[in-house]
Amino acid sequence: MQGDVGSGKTIVAFYAMVGASGSGHQSIITCPSSILARQHYNEFKKYAKALGIPIFFFTGDMGKREKNRVKKAALSKENAIFVGTRSLNNLVYSKLGLLIVDEEQKEGVGSKDALLKKSQLLPHQILMSATPIPRTLASTVFSNFEALRINAKPAGRKPIITELIRDK
């Protein structure tokens, strides 16, 4: 998988979800936009399927039939991965073991708390952010959170070129 996956935080999230699945638990990653959720889903699905882990995508703009299929899976699939927007709050999970919130500063505490209340277990949590906010930093300092900083750029990333172009 080296060099194929997007960002460092995507790799961290996926490996954590595989670990939860291996323990017979469900995991979810909630994103502030369906575009970001779709990016994660597209990266995760090729590896999840190769590992035999059921994976589901869920957003508010899906059709009723597809929503019902995913809702049913959340109730019955013990080791599945669910990727989506805060619409994931509308599902009831049979065995949620890991909650990942991407871009935590955009999701808000209410969204995360709603997901935690839906679980019969107290799932592990990973809060990811490229721009940590004071609440996240305070939680790290005063709670039982650990901070992980990813300094390496993803493999194969092209360099950023900044140029000044003057009109003639």
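Looking at Pro54 and Ile81, their side chains never come closer than 4.5 Å, going by heavy atoms from C-beta outward. Counting heavy atoms from C-beta on, the side chains of Lys49 and Ile55 come closer than 4.5 Å. Residues Tyr47 and Ile53 are not in side-chain contact: their nearest non-hydrogen atoms beyond the backbone lie 4.5 Å or more apart. Leu75 has its side chain within reach of Val92: a pair of non-hydrogen atoms, C-beta onward, lies under 4.5 Å apart. The side-chain heavy atoms of Ser33 and Leu36, taken from C-beta on, include a pair separated by under 4.5 Å. Side chains of Leu98 and Pro123 form no contact here, defined as non-hydrogen atoms less than 4.5 Å apart.
In terms of heavy-atom proximity, Leu88 sits nearest to Ile28 at CD1-CB, 4.3 Å. Considering all non-hydrogen atoms of both residues, Val70 and Phe57 come closest at CG2-O, 3.7 Å. Looking at every heavy atom in both residues, Phe44 comes nearest to Met17 through CE1-SD, 3.7 Å.
For Lys71, the side-chain contact (heavy atoms from CB on, under 4.5 Å) partners at least two apart in sequence or on another chain are Phe58, Asn68, Leu91. Ser34 meets the side-chain hydrogen bond (donor to acceptor under 3.5 Å, both in side chains) test with no other residue; sequence neighbours excluded. Applying the side-chain contact (heavy atoms from CB on, under 4.5 Å) test to Ile161 and every residue at least two apart in sequence or in another chain returns Glu163. Every residue two or more places apart in sequence or in another chain that forms a ring-ring contact (aromatic ring centres under 6.0 Å, His included) with Phe82 is listed here: Phe56, Tyr93.
Taken to the nearest 0.5 Å, the NE2 atom of His124 stands 11.5 Å off from the OG atom of Ser27. To the nearest 0.5 Å, atom CD of residue Gln39 and atom SG of residue Cys31 are 9.0 Å apart.
Within the 3.5 Å criterion, the main-chain N or O of Lys95 finds a donor-acceptor partner in the side chain of Gln26. One N or O on the side chain of Ser76 and one on the backbone of Lys72 form a donor-acceptor pair closer than 3.5 Å. In this structure, Ser87 contributes its side chain and Thr59 its backbone to no donor-acceptor pair below 3.5 Å.
Applying the ring-ring contact (aromatic ring centres under 6.0 Å, His included) rule to pairs touching residues 60-81 yields nothing, sequence neighbours excluded. Applying the salt bridge (charged side-chain N to carboxylate O under 4.0 Å, His left out) rule to pairs touching residues 54-68 yields Glu66-Arg69, sequence neighbours excluded.
In the displayed structure, Ile35 atom CD1 is contacted under 6.0 Å by at most 12 heavy atoms of other residues, nucleotides or ligands.
Inspection of the Asp102 and His40 side chains reveals an N or O donor paired with an N or O acceptor under 3.5 Å.
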